[in-house]
Amino acid sequence: MITADKFLTPARELGFNFFTGTPCSYLKPFINYVIDTDGFDFIDSVNEGDAIAIAAGATVAGKRAVVMFQNSGLGNAVNPITSLTYTFNLPVMIITTLRGEPGGAHDEPQHELMGQITTEMLETMRLKWAYFPQTDAEVIPALKLADEYMKKNHQPFVFVMRKDDIADYKLQKKPAPSKKDFSISHTDHFELEYKERTTRTPVLEVMQKVLGQEVAVVATTGKTGRELYEVGDLKNQFYMVGSMGCALAFGFGIALCKPNLKVIVVDGDGALLMRTGSMATVGAFKPKNLVHLLIDNEAHDSTGGQGTVTGGISFGAIAKGFGYEQVYSTDLLSKFENILNEVKANNGATFIHLKTQKGSPEKLGRPKVTPAEVSVRFADFVQSK
Ligand SMILES: Cc1ncc(C[n+]2csc(CCOP(=O)(O)OP(=O)(O)O)c2C)c(N)n1
């Protein structure tokens, strides 16, 4: 058993000062110490996959990030680990607990199977891992191993934390009282029939024209990134080729770490429904420089146009309810252009719900630039701000 500071102080000296994750009772003293101690940021994420994406965004912005979660949630993180951090070479440190450790102390039945397969799952994902240090003498060699592996391979490193690895630590800080407004109202402004609406490419053209090259653009999975690439390949654009639904958490991580850089996340309705919870994190932290644009064609257009269930959903009302500061809705391209001009000049966590129809240019290609190349040049752009 070690005390949290024995690991966290040297970790901070190596630059690890951005923490995110979803709690586990084994992690309690560790997280509480991070929350209480100056020089660490902690973002409580709504699920483990979002935590990986937030940390990936922080990494692009030049931070060294640590994700912490219970092994029950490792499954929630598989997709962003295999499609985001692996694909884009983003070395986040992961600490997963080992509830249900085989041969360990008695644990609850829901942890039994996961406890048996946790390290096998890490191996299957080809993640480099080690047990979390249990004595003071093991800390520096463990951190050195992780640090060197991450720097050399640009890939995540995982520590597996067992029961009682960290000595108890009681949280000192009181949570800030949250302001609640239960009288929120919102009206959507949609005028057109489905077939009268614009398709995606004209939206992306307007966006590129209005926002130019000084705004970080994160484009969601599927045809959005592919069409943006066709409209014009720019170094301030990140094409999220996988990790569906993670664009918002990723853009949020960037926006938090680079408050002077405007970040726009271009989301899809299918993707947003997959990880709607990340809107709650955005609404709580309210990054002033984040614009969340939802292109809602009411379909999984990229995979054949199957309908999503968004026809009757007021995402604007949801965004307001989650605490976004500026909320817009439209289905008119001209109005969308005005809105973009407005939010370009304004500050405030912003949501734009833009209704479109499905459809793409015929013979839509795929980015010729590789994810690894996109990652490097986008990080250079973000970190220059
Ligand atoms: C986790 C995951 N599930 C499914 C897919 C396959 N997939 C790629 S794009 C896409 C549709 C995305 O729909 P939406 O966000 O509405 O965007 P649109 O295609 O309409 O632009 C799907 C299902 C994936 N890449 N990742």
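Just follow the structure's listing: the first ligand is 1, and inside any ligand the first atom is 1.
Both the sub-6.0 Å distance and the 45° axial angle are not jointly satisfied by Arg226 relative to the ring of Tyr239. For the pair Lys128 and Phe157, the cation-pi criterion (under 6.0 Å, within 45° of the ring axis) is not fulfilled.
Residue, atom and distance of the protein heavy atom nearest to atom 3 (N) of ligand 1 are Met274 CE, 3.7 Å. Closest protein heavy atom to atom 8 (C) of ligand 1: Thr303 CG2, 3.9 Å. Nearest protein neighbour of atom 17 (O) of ligand 1, counting heavy atoms only, is Gly268 CA, 4.0 Å. For atom 19 (O) of ligand 1, the closest non-hydrogen atom of the protein is Ser302 OG, 2.5 Å. Counting protein heavy atoms only, atom 13 (O) of ligand 1 is closest to His300 CD2, 3.4 Å. Here the protein heavy atom with the shortest distance to atom 25 (N) of ligand 1 is Thr221 CG2, 3.8 Å.
In terms of modelled atom types and a separation under 3.5 Å, the side chain of Tyr33 and the main chain of Thr3 share no donor-acceptor contact. The main-chain N or O of Cys246 is never found under 3.5 Å from a side-chain atom of Ser243 such that the two would form a donor-acceptor pair. Between the side chain of Lys286 and the backbone N or O of Gly283, at least one donor-acceptor pair lies under 3.5 Å.
The shortest N or O to N or O distance between Ala271 and ligand 1 is under 3.5 Å. Considering backbone and side-chain atoms together, Gly270 places an N or O closer than 3.5 Å to an N or O of ligand 1. Inclusion of Thr308 in the set of residues having an N or O under 3.5 Å from an N or O of ligand 1 is not warranted. For Ala299, a nitrogen or oxygen atom sits less than 3.5 Å from a nitrogen or oxygen atom of ligand 1, counting backbone and side chain alike. Any N or O atom pair closer than 3.5 Å counts here, and Lys223 shares no such pair with ligand 1.
Ligand-side atoms of ligand 1 in range of Arg200: 18 (P), 20 (O), 21 (O), range being under 4.0 angstrom from any heavy atom.
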Inset, instruction - List the steps, then state whether ring pair (Phe, Tyr, Trp, His ring centres under 6.0 Å) holds for Phe252 with His292. - result: CA-CA 9 Å; Phe252 168 75; His292 182 191; over 10 Å; no

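Residues Phe238 and Phe250 place their aromatic rings such that the two centres sit under 6.0 Å apart. Not less than 6.0 angstrom separates the ring centroid of Tyr328 from the ring centroid of Phe351. Residues Phe132 and Phe7 bring their aromatic ring centres within 6.0 Å.
Here the rule is side chain to side chain contact (heavy atoms under 4.5 Å, CB included) with Phe336, and of Leu293, Val210, Asn341, Thr356 only Leu293 fits it.
At a heavy-atom cutoff of 4.0 Å, ligand 1 is contacted by the side chain of Asn79 but not by its backbone. Heavy atoms from both the backbone and the side chain of Asp301 come within less than 4.0 Å of ligand 1.
The option from Gln306, Met244, Arg275 that lies nearest to atom 5 (C) of ligand 1, judged by heavy atoms, is Met244.
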